There are 2 protein chains.
Amino acid sequence: MVRFQEAQLDRTFSALSDPTRRALLARLEEQDAVSVSELAQPFAMSLPAVMKHLDVLSDAGLITRTKTGRTVSCRLNADPMEEAMGWLARYQRFWTQRLDALEGMLEERRRSREPDGGAGNV
Amino acid sequence: MVRFQEAQLDRTFSALSDPTRRALLARLEEQDAVSVSELAQPFAMSLPAVMKHLDVLSDAGLITRTKTGRTVSCRLNADPMEEAMGWLARYQRFWTQRLDALEGMLEERRRSREPDGGAGNV
DNA sequence: CCTTAACTCAACTATATGGTTAGGTTTCAA
DNA sequence: TTGAAACCTAACCATATAGTTGAGTTAAGG
């Protein structure tokens, strides 16, 4: 049985629950290191607003920030996501089960169509 | 490129960000259908508090409720979790990459130890 | 040296969240 | 038919969240 850090999961899922923050992470997924102002640029909101989001991401351990001169570089840290996926994985059987059931139903239909000439259409 | 329902992800991640709600889901993972009062029983909080959590889970589509007589049965619906995992999967390379790097490093160490007799211990 | 870019901080606002208590309604069952 | 179980609703409270504006601070660069 896997043990989860409840408080860490709280922060991770909470951080991921905002579209702005997910967009910030998506940006850092495609570009290794991005400055605060570069990250803020695409958004309609003010710079301090974006910085608050970065604080949340940082508290959740999803990004790291390193200052060089007057610019701050942000990088992704996906480790907390791994734990989040680990938690979700427990429920995976519910949809794979559903897919198995669907597959089984299709198989059933296929077999029942083969003998005769395709009578029982829905 | 996979397209995500942003508002749905908001609700899903937000619903998962609370330990009480995750515990409720965990309960429904091991028991197919559970009544509201049964679900509430293990928690120190009041029944209306638990019911608010159930509302959140229901709004996120993570549970369904069916009333029979005076008792309400709750069931898990994992579908929104599948989408959440889909979103997270995009970042999976960051930790598999890290594991690959670790594996590579261990391989490196193993090979460098083989020739001589195990000198460079950390 | 002075200006400007890049960021930080503080104060304020509105709304959301997570909890409470008190008082319903509906249904079952003695 | 009356009482209690099971659930719902409403009103309230404290704190957190997501944004704003305005005023710093620090570091390049002409």
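The structure displayed is predicted, hence computed values, not measured ones. Excluded from the calculations below are hydrogen atoms, water molecules and symmetry mates; all remaining heavy atoms, backbone and side chain alike, are included.
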**Request:** Identify, with sequence neighbours excluded, every residue that meets side-chain contact (heavy atoms from CB on, under 4.5 Å) alongside B/Pro48.
**Result:** B/Ser46
**Asked** Which nucleotide of DNA chain D is the first, and which the last, in the 5' to 3' direction, to come under 4.0 Å of a heavy atom belonging to chain A?
**Response** D/dA18 to D/dA28
**Prompt:** Salt bridge or not for A/Asp55 and A/Arg65, using N-O below 4.0 Å?
**Reply:** yes
**Message:** The criterion is salt bridge (charged side-chain N to carboxylate O under 4.0 Å, His left out); which residues satisfy it with B/Arg27, sequence neighbours excluded?
**Reply:** none
**Message:** Which residues in residues 19-35 of chain B have a heavy atom closer than 4.0 Å to any atom of DNA chain D?
**Reply:** B/Ser35
**Prompt:** If each of A/Ser17 and B/Val36 is mapped to the nucleotide of DNA chain D with the nearest heavy atom, which maps nearer the 5' terminus, i.e. the 5' end?
**Reply:** B/Val36
**Asked** Donor-acceptor pair, B/Arg75 side chain versus B/Thr66 backbone, under 3.5 Å?
**Response** no
Using nucleotides 21-30 of chain C, report all nitrogen or oxygen pairs with the protein that are shorter than 3.5 Å.
residue, atom, partner, partner atom, Å
C/dT27, O2, B/Arg70, NH1, 3.3

**Request:** Using a cut-off of strictly less than 4.0 Å between a heavy atom of the residue and any atom of DNA chain C, enumerate the qualifying residues of residues 56-64 of chain B by number.
**Result:** none
**Request:** Report, as yes or no, whether the 6.0 Å neighbourhood of atom CD on B/Gln5 holds more than 12 heavy atoms from other residues, nucleotides or ligands.
**Result:** no
**Asked** Say you draw a straight line from CE of A/Met85 to CD of A/Gln92; how long is it, rounded to the nearest 0.5 Å?
**Response** 7.0 Å
**Asked** Any link between B/Leu76 and B/Val56 through a network of hydrophobic side chains (Ile, Leu, Val, Met, Phe, Trp, Tyr) touching at under 4.5 Å?
**Response** no
**Message:** Taking the ring centre of each residue, are B/Tyr91 and B/Trp95 less than 6.0 Å apart?
**Reply:** no
